[in-house]
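Since the structure comes first, as structure tokens, the remarks are kept for the end.
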2 protein chains.
Amino acid sequence: MSSEEVTTRSRILQATLSLIERGNVAISMSTIAKEAGLSRQALYLTFADKADLFIAALRFADGRRGIVQEQACIRAAKTGTDALVAIVDLQARLSPAYKRLADAFELLRRQDAAAEKAWQDRQQDRLEGCRIVAARISAEGDLRADLTVEAAADLIWSTTSSTVWDDLVVKRGWNEMNYRTHLVELLLSWLKGSS
Amino acid sequence: MSSEEVTTRSRILQATLSLIERGNVAISMSTIAKEAGLSRQALYLTFADKADLFIAALRFADGRRGIVQEQACIRAAKTGTDALVAIVDLQARLSPAYKRLADAFELLRRQDAAAEKAWQDRQQDRLEGCRIVAARISAEGDLRADLTVEAAADLIWSTTSSTVWDDLVVKRGWNEMNYRTHLVELLLSWLKGSS
DNA sequence: CCTGGAGTTTACACCGTGTCAAGTGAGGAA
DNA sequence: TTCCTCACTTGACACGGTGTAAACTCCAGG
């Protein structure tokens, strides 16, 4: 179970992620096979189908970055407000790579229920993180009285999505600094409420 | 040029939109032809290719709803703040149909430059609307001093996207009322700024 | 009458996915 | 050494999607 072990499986996953991260959008099984130095058929010896391969690639990518560890950092923040900053921060750092993965999954999700589920599970994890932070802010008395923790979590979750990141940073050319400060301001002014 | 005229072209476009709005995601030329009561080849007599057809369908949909008229309503609002409410309101009403169109375009945009451009043009129109509203809010002295009109417009634009609407209303089950009040609060508290 | 336009059928080339059958080659066990 | 097995290769196929082409039908207008 050494993480450095080079199995055929890991070579395929590496090749897949390499293609995804290179921004190559239409990725065929042939392309992946070529990238991994294998025949197209060899992919089907390890993975049931394309969706199966991509789901494995998703988990592989999550494992390679320390997603769990990153999320622990959010939990370790001193206050709920700091945790919110950490969420925005994490999103600013991870979104470039995430966006590519999301794009690669876009086609597959519509056709394959398992791929859709894998993607939703991942979103669910992020939502769970947002919920915890919203609960902390509430517990610390920083949440406007007329907001529920649920509503706060949902809105934090949706505004810190990689789609919004893409709109602002990629499409509108914001730099990372602007993204972080403005998103934190946006959410905090709403959560704490004073107007 | 009667808008009620039933040409082959309009029958094809109707059929296409009907399939898109029915939530049918994988739409093939065969399916459209069947829906329109024509042979698959007939589609190619009117449209160069699938992207061409979908771009026409996009414009057709925009024309059928009075998009231009709707946007005039935003301009007609008494204050910049009212205009912002109108934007959120419009988005709440149009997003269900928009989201379907966006999904149908998702696949095409990656492959066809013209389809990508048509979609971007449309996004650009909405951004332009946000810019005008941001400028009005600024002119009326309601914009926080440390915010530029550009930044305000960008953030209004990205948080009122149909993706955020989908996240909140479809995925998180918000009702229209919640979506509208919370989004307006979110944006106004940030724009006017007091914390 | 006959011509052209709109639409039809049938066929093809090309590509992507997924399956199948037969072959190869290297390493381990007897 | 021989034999077996496992991982992998090659080549073929069915299926479905896009886009092109040729030939046929049908009908209205000159």
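These numbers were taken from a predicted model, which means no experiment stands behind them. Throughout, a chain's letter reflects where its sequence line sits, starting with A, and its residues are numbered from 1.
- The nucleotide range of DNA chain C contacted by chain B, defined by atoms under 4.0 angstrom from heavy atoms of the protein and reported 5' to 3', is C/dG7 to C/dA11.
- Heavy atoms of A/Ser28 sit under 4.0 angstrom from primed sugar atoms or phosphate atoms, though from no base atom.
- Using modelled atom types, one finds a donor on one side chain and an acceptor on the other under 3.5 Å when comparing A/Thr31 with A/Ser28.
- B/Glu70 has a carboxylate O that lies under 4.0 Å from a charged side-chain N of B/Arg93, or vice versa, which qualifies the two as a salt bridge.
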What's touching nucleotides 22-24 of chain D from the protein side, N or O pairs under 3.5 Å?
none

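- Counting to the nearest Å, the P atom of D/dG17 and the CD1 atom of B/Ile32 are 12 Å from each other.
- Rounded to an integer number of Å, the gap from A/Arg9 CZ to D/dA7 P is 14 Å.
- Following rounding to the nearest Å, B/Tyr44 (OH) and D/dA21 (C1') show an atom-to-atom distance of 13 Å.
- Residue A/Lys50 contributes atom NZ, which lies 16 Å from atom P of D/dG17 at whole-angstrom precision.
- In this model, no donor atom of one side chain and acceptor atom of the other lie less than 3.5 Å apart for A/Gln14 and A/Arg9.
- Remark: C1' of D/dT18 and CD of B/Gln111 are 10 Å apart, rounded to the nearest angstrom.
- Rounded to an integer number of Å, the gap from B/Ile27 CD1 to D/dG16 C1' is 16 Å.
- By the 4.0 Å N-to-carboxylate-O rule, B/Arg110 lies too far from B/Glu116 to be salt-bridged with it.
- Under the 4.0 Å criterion applied to side-chain N and carboxylate O atoms, A/Arg11 and A/Glu35 are not assigned as salt-bridge partners.
- The CG-P distance, from B/Leu45 to D/dG19, rounds to 14 Å in whole Å.
- Using a cutoff of 4.0 Å between basic side-chain nitrogens and carboxylate oxygens, B/Arg172 and B/Asp167 are not scored as salt-bridged.
- Contact check on A/Arg75 versus A/Glu128 returns no salt bridge, with no Lys/Arg side-chain nitrogen under 4.0 Å from an Asp/Glu carboxylate oxygen.
- Between A/Met29 and B/Ser39, the residue whose closest nucleotide on DNA chain C is further toward the 5' end is B/Ser39.
- A/Arg122 forms a cation-pi arrangement with A/Tyr98, by the criterion of a distance under 6.0 Å to the ring centre and an angle within 45° of the ring axis.
- Residues A/Glu185 and B/Arg144 are paired through a salt bridge, judged by an N-O separation under 4.0 Å between the basic side chain and the carboxylate.
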